[in-house]
There are 2 protein chains.
Amino acid sequence: MARMSAADRRSALIEAALRVVSREGLAQATTRAIVGEAGMSLASFHYAFESRDELVDELIGTVVARERKAVAPEELIAAAGEGASLAELVEAGLLRYFEHLRADPEHEQAMLELTQYALRSPERHPLAVAQYERYAELVVEALEAAAELTGARWRLPVEHVARVLVAFTDGLTITWLVDRDDAAAARVVAAAADALSRMADPR
Amino acid sequence: MARMSAADRRSALIEAALRVVSREGLAQATTRAIVGEAGMSLASFHYAFESRDELVDELIGTVVARERKAVAPEELIAAAGEGASLAELVEAGLLRYFEHLRADPEHEQAMLELTQYALRSPERHPLAVAQYERYAELVVEALEAAAELTGARWRLPVEHVARVLVAFTDGLTITWLVDRDDAAAARVVAAAADALSRMADPR
DNA sequence: GACGAACTGGGACAGTTGACCCAGTCGCCT
DNA sequence: AGGCGACTGGGTCAACTGTCCCAGTTCGTC
């Protein structure tokens, strides 16, 4: 393995770890599996990280920080059409997320696994909370943009609306991961968009 | 340990395993931890089960089969009042589930972990599918009862409605497990009940 | 009450895993 | 060019885990 700084090595290991977790699950992401994926030796692992736990914690932090809005408002307009209603816009956004899920199910599965891992110990619980706060944050931005685009106004705090949307999204994710039923997922999307759009006054 | 039949031992071990998984997570549910919880020796484990995998598979089967309707229709009437609308009835049912979740979060967390475990290998995937089919089955019964009680009629196949409700329930579960925000959960419940009740024609 | 089969307990074993150590190598800085 | 600190590779260790074995015990049946 070529020489690299500790910082570079840390990120290389985190990337490798994410790939292993996505492909085989967190339980299979042993130090050896991660190091193998990264093409390094075991010693390099413990040179860059104190312990496996430290890497997993940092992995969660990284993926959370990296999480980007799945949808830009402009795309949604393009997808839903110019004079789209808020409901149509929300539905388009959810469908966009669903496409993202279909394109890379393993990634969402890995996210879910990391969440559950974090939920299992009190000192890691905040990592899960931060993860969901980040989700909500991104959704808030999208919801505000959608309201602005359609001239609608959210009747309750947009953070509340976002929290509900995150819950619906999670449910969509898990159930689809289990049954891979696209039509059923589409019905969930439609129902969720319907419920959410009723939380705003149209203009 | 007193003598017991292999069948009894299997169920005792499964009960013990469920307790360990609920309390400490699936990863910590080693043969020794399970056997310790059950107060048996290691040999008894492998007398009753071929392998740990066999126990986990059977554990999933057991919890799924045991899953009961969280709500009986009569209770809902009592909770929602005599002349309750379908929307109120659905909301009461979801709230009842939420109470169940609050009362025993570890159990739902264990269920989620078992699902994800099953999702990780092709030969176990059907276990997760069966788990969710069972959920949907129970929900179908509740939805049919609710429609009958209010004289409403589901506009789409009740199985489809149930599938959406299961997704919403899952989302409710995960997000609440993360942030333990009761008020947010209540908003999810209200939104879900709203969306679902719109899938029926009132009478 | 004796017999055989069902059952139990303790110990053992091999494989895996996280962690670590040390001898060596490389690259930067003076 | 030389030296020093950063970095690397391989080997090793103890702990843990799933599995198995075997000697012994208990129970139902004749």
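Per chain, numbering begins at 1; letters A, B, ... match sequence-line order. Computed from a prediction, not measured in an experiment: that's the story for all the values here.
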d(CD1, I34(B); P, dT19(D)) in whole Å: 11 Å
Working for side chain to side chain contact (heavy atoms under 4.5 Å, CB included), residues E99(A) and R102(A): CA-CA 5 Å; E99(A) 284 313 313; R102(A) 289 218 312 167; 3.9 Å; yes
Protein-nucleotide distance (F45(A), atom CZ; dA19(C), atom C1'), rounded to Å: 10 Å
Residues R187(A), E159(B): salt bridge by 4.0 Å N-O rule: no
Whole angstrom value for the distance that separates P of dA14(C) from NE2 of H46(B): 17 Å
Distance in angstrom units between L42(A) CG and dA19(C) C1', rounded: 9 Å
Separation of atom OH in Y47(B) from atom P in dG24(D), rounded to whole Å: 19 Å
Below 4.0 Å: OP1/OP2 of dG10(D) and any side-chain N or O of S41(A): no
Between P of dT25(D) and CE of M40(B), the distance in whole Å: 21 Å
NZ/NE/NH1/NH2 to OD/OE distance under 4.0 Å, D181(B) and R163(A): no
Atom pair distance, as rounded to whole Å: CG in L13(A) and C1' in dG18(C): 14 Å
Contact nearer the 5' end of DNA chain C, comparing A43(A) with T30(A): T30(A)
E15(A) and R66(A) ion-paired at < 4.0 Å: yes
Selection: residues 49-59 of chain B, any non-hydrogen atom under 4.0 Å of DNA chain D: S51(B), R52(B)
Selection from dA12(C), dC13(D), dG9(D) that lies nearest to any side-chain heavy atom of R32(B): dA12(C)
Euclidean distance, atom CG of residue D8(B) to atom C1' of dC27(D) [Å, nearest integer]: 15 Å
Presence of salt bridge, E67(B) and R134(B), under 4.0 angstrom: no
R10(B)/E54(B) ion pair, N-O < 4.0 Å: yes
N-O pairing of R120(A) and E24(B) below 4.0 Å: no
